[in-house]
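In listed order, ligands and their atoms are each counted from 1.
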Amino acid sequence: MTPIDPETIHDVEGVPLHSVHRHDVVVVGAGLAAMRAAVEAAKDYDVAVVSKVFPTRSHSGAAQGGIAASLANEEEDHWEWHMFDTVKGSDYLGDQDGIEILVREAPVVVREFEHMGAPFSRTPDGRIAQRLFGGHTKNFGKGGPILRACYAADRTGHALLHTLYENCVKEGVRFYPEFYVLGLIVRDDVCSGVVAWDVVNGGVHVFHAKAVMFGTGGHARIFRIASISLSSTGDGPAMALRAGIPLEDMEFLQFHPTGLYIHGILVSEAARGEGGYLVNDAGERFMKKYAPDKMELAPRDVVSRAMQREIDEGRGIGGKDFIHLDLRHLGKDKIMTQLPQIHELAWKFMHVDCVTNPIPIQPTAHYSMGGIPTDNDCQVLADGKAKKVAGFYAAGECACVSVHGANRLGTNSLLEASLFGRRAGKSIVRFLRTEPALPDLPADAAKEAIEEIDGILSATGSEKTGAIRAEMQQQMTANCAVYRNGCNLEQLRAEVASLRERYGRIRIDDKGKTFNMDLIDALELGRMLDVTEIMVASALNRTESRGGHSRTDFPKRDDANWLKHTLAHRKNGAVAFDYKPVVITRFQPQERKY
Ligand SMILES: Cc1cc2nc3c(=O)[nH]c(=O)nc-3n(C[C@H](O)[C@H](O)[C@H](O)COP(=O)(O)OP(=O)(O)OC[C@H]3O[C@@H](n4cnc5c(N)ncnc54)[C@H](O)[C@@H]3O)c2cc1C
């Protein structure tokens, strides 16, 4: 391979290649996973963070309810209890070796946040306060709900994200905000960097690095009703897929029960953790029929299915497609101190004062359990199994370790992002100690990216990206949401193929280079369509119901055939599948009841 010479390459095909940046480590994204990795690696190495939005606008900042750790500040707790809950919550699809790491290291990660300056809410005697969350229980599920979620009012993600940003600045991390990463540079299972578009000034930039880490977040924006930020478009998984890496368990997407009606904006599970009720049109707390023990604090897949069933059977409020979340009995004081953001969101978006009125809610696409396959040290697996990509790491919502299996428990994601982000940072440091040289940069490293940008800017088709995106999101919410079936998924697959074909005929109006959001929208849509295709094919392929994937035509969990992870990739224009076994160590699969 001939190394690229930064001085000689400009204006390729009319799109200027502005520069080649060199760093020991390039971290893509600036959420909890990315910045936790950056803080860790920056103690020893030169680290750059490249993010399409300004770091503190990453979706992690919207997280409300809390971060799980068995600190036992409020009542007796043990990592083994947390492990049991997480394994059962995952519908036994989570890998138990990874889950053990998650729950054992959780207290360390939370205390480190405290020492970095995170402003947690406190108990009267000054320790980190903890609250209830769905699926977290005492004594291996035999006791009631447990106070395990550490929180900063209902703005936990905001507090942790800002803490990490400040610590990155302190450690001298170099930030490249508003750079849209277009593709990975991987040849022969060696990663040597990424290619990015400078959103502010225009131009393609190459980031040449010894190690690349992805913390690019989730992809629930492929749905119309979604709680996640507009920037959560699955760019990371799509880039991995385009580099030939399969995606793991993409059929599993979590629908959070309490999205604000029509908007999908999240009302944190903390609302139920603090004692909120779910009621149907008859004013009945219907969860007693579906999860008599845990009621509103059953895991999210269970609650979303119950709500959807009430709606489908005509017991939504006024016969419509929403349910009520009732907080009135909590009283104004509790609402305003423990759930101030929820009060504000309900007021601003629905004109509902939740002190005096129930909030209209419906299930909303929330969290991506599937993603880029990694080992427990966050190194990306080239074949999803054992073969590794040298110098390429991923953590957080874009990755699949897999600790959440088929369904994630609330507050386990901020934990996973921070904890595996930290592990990724440590793995990268270990790798760099043994591999001091920059890998060669292929001469055509930026070719594909330049062709893509050039292609979109000069396209003369008739299709609009906004229309294709709206159609895709509408179709996904209609046919691939809480309940799915083979017939709808087949139709959806054909629909997605036709949307991909239409995408090949787009035209954008803004042909400029600076702040061209028309261009960014088109790039994101291409990646969302890639992820959508894989998700729909994976959902069609898995003929059972487990966690976040519920098939009305295959309503039972089928451990004999499906206690395994899906690995999906594109082969000869179609989606092809491979599988790998689930790692089971301490807890054998059982029927899941709450
Ligand atoms: C409303 C809401 C509330 C939540 N509440 C909780 C909670 O209370 N507890 C909990 O545990 N979990 C919660 N979650 C889930 C949790 O917040 C997320 O799963 C987690 O924060 C994801 O972190 P991340 O670091 O993986 O990615 P993110 O925080 O999503 O960051 C992704 C980053 O990648 C960057 N990026 C993406 N693509 C590109 C690209 N092409 N080029 C450059 N940069 C790119 C973005 O700019 C961004 O910086 C909540 C989620 C939502 C949506």
[X], portion touching ligand 1 at heavy-atom distance under 4.0 Å:
X: T216; answer: both
X: L414; answer: both
X: R408; answer: side chain
X: E269; answer: neither

For the student: nearest non-hydrogen atoms of [X] and [Y], plus distance:
X: S402; Y: D249; answer: OG-OD2, 4.4 Å
X: M250; Y: S538; answer: CB-OG, 4.1 Å
X: L161; Y: A30; answer: CD1-O, 3.5 Å
X: F133; Y: S268; answer: CZ-OG, 4.0 Å
X: A271; Y: V267; answer: CB-CG1, 4.2 Å
X: V531; Y: G234; answer: CG2-O, 3.6 Å

Would [X] count as a contact of ligand 1 if the rule is a heavy atom under 4.0 Å away?
X: G157; result: no
X: R36; result: no
X: G66; result: yes
X: I67; result: no
X: A62; result: yes
X: S51; result: yes
X: V53; result: yes
X: Y151; result: no

Quiz prompt | Distance-only donor-acceptor check, side chains S58 and S60, under 3.5 Å | solution =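 Checked: S58/S60 side chains show no N/O donor-acceptor pair below 3.5 Å.
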Report task. Determine whether the side chains of T364 and H256 contain a donor N or O and an acceptor N or O closer than 3.5 Å. Result ->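 T364 vs H256: no donor-acceptor pair found between side chains.
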Need the ligand 1 atom indices (1-based, order shown) with element for anything under 4.0 Å from a heavy-atom of [X].
X: Y180; answer: 41 (N), 42 (N)
X: G65; answer: 7 (C), 8 (O)
X: N412; answer: 11 (O)
X: G29; answer: 33 (C), 34 (O), 35 (C), 49 (O)
X: T411; answer: 9 (N), 10 (C), 11 (O)
X: G396; answer: 26 (O)
X: Y367; answer: 19 (O)
X: L32; answer: 25 (O)

Taking [atom] as the point of reference, which of [options] owns the nearest heavy atom?
atom: atom 6 (C) of ligand 1; options: S227, G421, A63, A149; value: A63
atom: atom 32 (C) of ligand 1; options: S58, G215, A399; value: G215
atom: atom 23 (O) of ligand 1; options: P55, A68, G61, S60; value: S60

Using distance alone, determine whether [X] and ligand 1 share an N or O pair under 3.5 Å.
X: E397; result: yes
X: G218; result: no
X: Q64; result: yes
X: V181; result: yes
X: A34; result: no
X: G410; result: no
X: D235; result: yes
X: M239; result: no

Here the side chain to side chain donor-acceptor pair (under 3.5 Å) pairs for residues 517-535, sequence neighbours left out, are K52-E524, R242-D530, E452-R527, R500-D530, E533-R570
Does atom NZ of K43 have more than 12 heavy-atom neighbours from other groups under 6.0 Å away? yes
**Message:** Please check if the number of heavy atoms outside E448 that lie under 6.0 Å from its CD is greater than 12.
**Reply:**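 Atom CD in E448 is not crowded, with 12 or fewer foreign heavy atoms closer than 6.0 Å.
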Are the side chain of [X] and the backbone of [Y] linked by a donor-acceptor contact shorter than 3.5 Å?
X: H136; Y: G410; value: yes
X: T156; Y: Y151; value: no
X: N73; Y: A129; value: no
X: S121; Y: A153; value: yes

For [atom], what's the nearest protein heavy atom and its distance?
atom: atom 25 (O) of ligand 1; answer: A33 N, 2.9 Å
atom: atom 2 (C) of ligand 1; answer: H59 NE2, 3.4 Å
atom: atom 45 (C) of ligand 1; answer: K52 CG, 3.6 Å
atom: atom 27 (O) of ligand 1; answer: G217 CA, 3.3 Å
atom: atom 50 (C) of ligand 1; answer: H366 CE1, 3.7 Å
atom: atom 16 (C) of ligand 1; answer: S413 OG, 3.4 Å

Approximate separation, where rounding is to 0.5 Å, of [X] [atom1] and [Y] [atom2]:
X: I428; Y: R423; atom1: CD1; atom2: CZ; answer: 13.0 Å
X: C400; Y: D95; atom1: SG; atom2: CG; answer: 8.0 Å
X: Q254; Y: S413; atom1: CD; atom2: OG; answer: 9.0 Å

Open item on the list: For the residue pair R122 and F120, would you count it as a cation-pi contact if the rule is NZ or CZ under 6.0 angstrom from the ring centre and within 45 degrees of the ring axis?
Closed with: no
- Task: Quick one: list whatever passes side-chain hydrogen bond (donor to acceptor under 3.5 Å, both in side chains) with Q130, sequence neighbours left out.
- Result: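 For Q130 there are no side-chain hydrogen bond (donor to acceptor under 3.5 Å, both in side chains) partners, ignoring immediate neighbours.
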E451 bridged to K447 by N-O distance under 4.0 Å:
yes
